[in-house]
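Read the structure below first, then the notes.
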Amino acid sequence: MEVQTSAAVGVQTNTRITGPIILLGPPAAGKGTQAKLIAQTFGIPQISTGDILRANVAQKTELGLKAKAIMERGDLVPDELVCDMVADRLLEADCCRGFILDGFPRTVGQAEWLDAQLEKMRSCKAGDMAAQKACAAPVVIRLIVDYNVLRQRVTGRRSCPTCGRIYNVYFQPPKVQGICDVDGTSLVTRPDDAEDVFAERMKTYDRQTLPLVDYYRARGRLVEVNGEQPVEEVMAQAFGAIENVNRL
Ligand code: AP5
């Protein structure tokens with residue numbers, strides 16, 4: 001395994017080709033938390049469709065104006081808008097060793113689109129084994145967390161609008177209440193973390209995203225992790241899944 005030390009972040013970064021990783025789970029399962037840790041350790045980008053959409057809403061882009069009301073009521077943004085957004089992101093140079101999809105795919109339609117997109121990317125790179133591995137069939141890590149735990153995590157979540165770091169007033173509080181440890185910015189609560197919107201997001205998840213469990217299980221790509229364990233334990237099991245699947 002190739003490893004380099006990044007002085008900037010003070011962690012060891014694994015520099016081998018990881019390929020695509022999908023984090024699947026309900027709202028507040030810990031997808032963003034784990035995606036950041038995997039991204040830092042494996043040196044591949046975290047592609048969070050929720051974060052990209054929220055940035056578009058904040059910047060009042062055409063996409064953001066379409067997505068705002070949908071997100072505020074806990075529904076899913078239409079597949080074609082999200083798939084176009086992901087297609088653009090996958091073209092960026094930092095995806096050349098792999099990438100983590102956090103919050104995508106969320107419907108069977110999005111999963112089928114992604115499979116076709118990855119196949120197209122592989123066929124463009126015929127003869128280049130390394131480039132093909134970067135867009136191989138994904139490893140799907142499903143985080144399993146009970147509804148009541150999710151509800152408590154949502155109500156306690158705070159995030160930094162500057163660096164994106166995620167905290168939780170119950171489980172991972174900042175050193176100073178309401179202030180980001182990294183850059184001193186005031187922490188914010190997401191509007192869709194209100195209790196009634198969370199309930200809608202859960203219904204949307206059960207109806208539209210849960211079928212992906214069978215979709216990926218049938219393809220032999222699914223690894224299930226108990227997401228109620230401490231962050232470090234979840235991380236260790238997620239890393240194990242990435243290492244094992246890539247050894248196949
Ligand atoms: P998105 O931003 O993706 O929201 P989500 O899927 O509901 O997930 P969350 O961000 O709420 O939670 P998470 O699993 O990342 O948990 P986190 O690590 O923050 O999407 C928002 C909206 O955008 C959607 O509703 C939809 O409208 C739209 N959208 C996005 N993608 C789309 C797509 N593909 N198609 C269509 N529409 C799309 O952790 C949560 C809390 O728990 C934190 O406070 C954290 O500190 C804490 N925590 C994490 N892990 C642990 C642990 N192990 N123990 C204790 N606490 C923990």
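Just follow the structure's listing: the first ligand is 1, and inside any ligand the first atom is 1. Computed from heavy atoms alone, side chains included, the values below leave out hydrogens, waters and symmetry copies.
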| task | With heavy atoms under 4.0 Å as the rule, classify the contact between L76 and ligand 1 as side chain, backbone, both or neither. | result | both
| task | Measure D51 to ligand 1 on non-hydrogen atoms and call it side chain, backbone, both or neither using the 4.0 Å cut-off. | result | neither
| note | From the list D206, D196, D193, salt bridge (charged side-chain N to carboxylate O under 4.0 Å, His left out) partner of R201 resolves to D193
| Pairwise side-chain contact, L210 with R142, heavy-atom cut-off 4.5 Å (strictly under) | yes
| field | Heavy atom of Q34, distance to ligand 1 below 4.0 Å | value | no
| What part of Q229, side chain, backbone, both or neither, has a heavy atom within less than 4.0 angstrom of ligand 1? | backbone
| query | Heavy atoms, side chains only, cut-off 4.5 Å: are D146 and E228 in contact? | reply | yes
| message | I need the nearest protein heavy-atom contact for atom 16 (O) of ligand 1: residue, atom name and distance, please. | response | G30 N, 3.1 Å
| Does the pair D214/R217 count as a salt bridge with the N-to-O cut at 4.0 Å? | yes
| Just by modelled atom types, is the C180 backbone N or O under 3.5 Å from a matching donor or acceptor in the R165 side chain? | no
| Interfacing atoms of ligand 1 (cut-off 4.0 Å, heavy-atom, L53) | 23 (O), 28 (C), 29 (N), 30 (C), 38 (C)
| said: Looking only at protein heavy atoms, which one is nearest to atom 49 (C) of ligand 1, and what is the separation? | reply: T33 OG1, 3.5 Å
| query | Are the side chains of S186 and I179 in touch, meaning some heavy atoms are under 4.5 Å apart? | reply | yes
| said: Counting non-hydrogen protein atoms only, what is the nearest one to atom 19 (O) of ligand 1? Give residue, atom name and distance. | reply: R157 NH1, 2.7 Å
| message | As an exercise, identify every atom of ligand 1 less than 4.0 angstrom from a heavy atom of I166. | response | 18 (O), 19 (O), 43 (C), 44 (O), 45 (C), 46 (O)
| field | Those atoms of ligand 1 less than 4.0 Å from some heavy atom in F171 | value | 55 (C), 56 (N)
| query | Any idea which protein heavy atom is nearest atom 31 (N) of ligand 1, and the distance to it? | reply | T49 OG1, 2.8 Å
| query | So which heavy atom in the protein is nearest atom 47 (C) of ligand 1, and how far is it from that ligand atom? | reply | Q172 OE1, 3.7 Å
| request: Any chance you could lay out the salt bridge (charged side-chain N to carboxylate O under 4.0 Å, His left out) test for D94 and R89, step after step, and finish with the verdict? | output: CA-CA 9 Å; D94 61 350; R89 183 62 185 85; 2.7 Å; yes
| request: Within a distance under 4.0 Å of any heavy atom of Y167, pick out the atoms of ligand 1 and give their elements. | output: 43 (C), 44 (O), 46 (O)
| said: Give the atom numbers and elements of ligand 1 that come within less than 4.0 Å of a heavy atom of Q110. | reply: 33 (C), 34 (N), 35 (N), 36 (C)
| Test item, G227 contacting ligand 1 (heavy atom, 4.0 angstrom) | yes
| message | Name the residue from V234, I166, L143 that meets the side-chain contact (heavy atoms from CB on, under 4.5 Å) definition with T33. | response | I166
| Which one holds for V77 and ligand 1: side chain close, backbone close, both close, or neither close, with close meaning a heavy atom under 4.0 Å? | both
| message | Among all protein heavy atoms in this structure, tell me which lies nearest to atom 12 (O) of ligand 1, with the distance rounded to 0.1 Å. | response | A28 N, 2.9 Å
| query | Quick one: which ligand 1 atoms are inside 4.0 Å of a heavy atom on G32? | reply | 13 (P), 15 (O), 18 (O)
| Should I242 and T18 count as side-chain neighbours, where that means a heavy-atom distance under 4.5 Å? | yes
| task | Return the option from R201, R73, R106, R54 holding the heavy atom at the smallest distance from atom 6 (O) of ligand 1. | result | R106
| query | Under 3.5 Å, is there a donor-acceptor pair linking the side chains of T162 and D183? | reply | no
| message | If I apply the N/O under 3.5 Å rule, does G156 come out as touching ligand 1? | response | no
| query | Going by heavy atoms in the side chains, are I70 and L76 under 4.5 Å from each other? | reply | no
| said: For V231, state whether at least one heavy atom is located under 4.0 Å from any atom of ligand 1. | reply: yes
| request: For ligand 1, note which part of M71 has a heavy atom under 4.0 Å away: side chain, backbone, both or neither. | output: both
| Between Y147 and F198, does the ring centroid distance fall short of 6.0 Å? | yes
| note | of all protein heavy atoms, closest to atom 26 (C) of ligand 1 is D75 O, 3.4 Å
| Does ligand 1 have any atom that is closer than 4.0 Å to a heavy atom of E233? | no
| query | In ligand 1, which numbered atoms sit nearer than 4.0 Å to a non-hydrogen atom of V82? | reply | 33 (C), 34 (N), 35 (N), 36 (C)
| task | Assess R219 against Y215: is NZ or CZ under 6.0 Å from the centre of the six-membered ring, and within 45 degrees of the ring's axis? | result | yes
| task | Might you work through the side-chain hydrogen bond (donor to acceptor under 3.5 Å, both in side chains) test for Q46 and Q40, ending with a clear yes or no? | result | CA-CA 9 Å; Q46 170 195 10; Q40 198 180 35; over 6 Å; no
| said: Measuring only between side-chain heavy atoms, which start at C-beta, is F42 closer than 4.5 Å to R97? | reply: no
| message | I need the contact type for E228 against ligand 1. Using non-hydrogen atoms and a strict under-4.0 Å cut-off, is it side chain, backbone, both or neither? | response | neither
| So, does A29 sit close enough to ligand 1 that a heavy atom of it is under 4.0 Å from the ligand? | yes
| query | Do NZ/NE/NH1/NH2 and the carboxylate oxygens of E195 and R151 come within less than 4.0 Å? | reply | yes
| task | Please work out which of the three classes, parallel, tilted or perpendicular, describes the rings of W113 and F104, given edges at 30° and 60°. | result | perpendicular
| message | Just to be sure I'm reading this right: ignoring hydrogens, which of M235, R190, K31, K36 gets closest to atom 4 (O) of ligand 1? Compare them by their nearest heavy atoms. | response | R190
| message | Heavy-atom pairs closer than 4.0 Å: do any link ligand 1 to the side chain of R158, the backbone, both, or neither? | response | neither
| note | Residue, atom and distance of the protein heavy atom nearest atom 42 (O) of ligand 1 read R153 CD, 3.3 Å
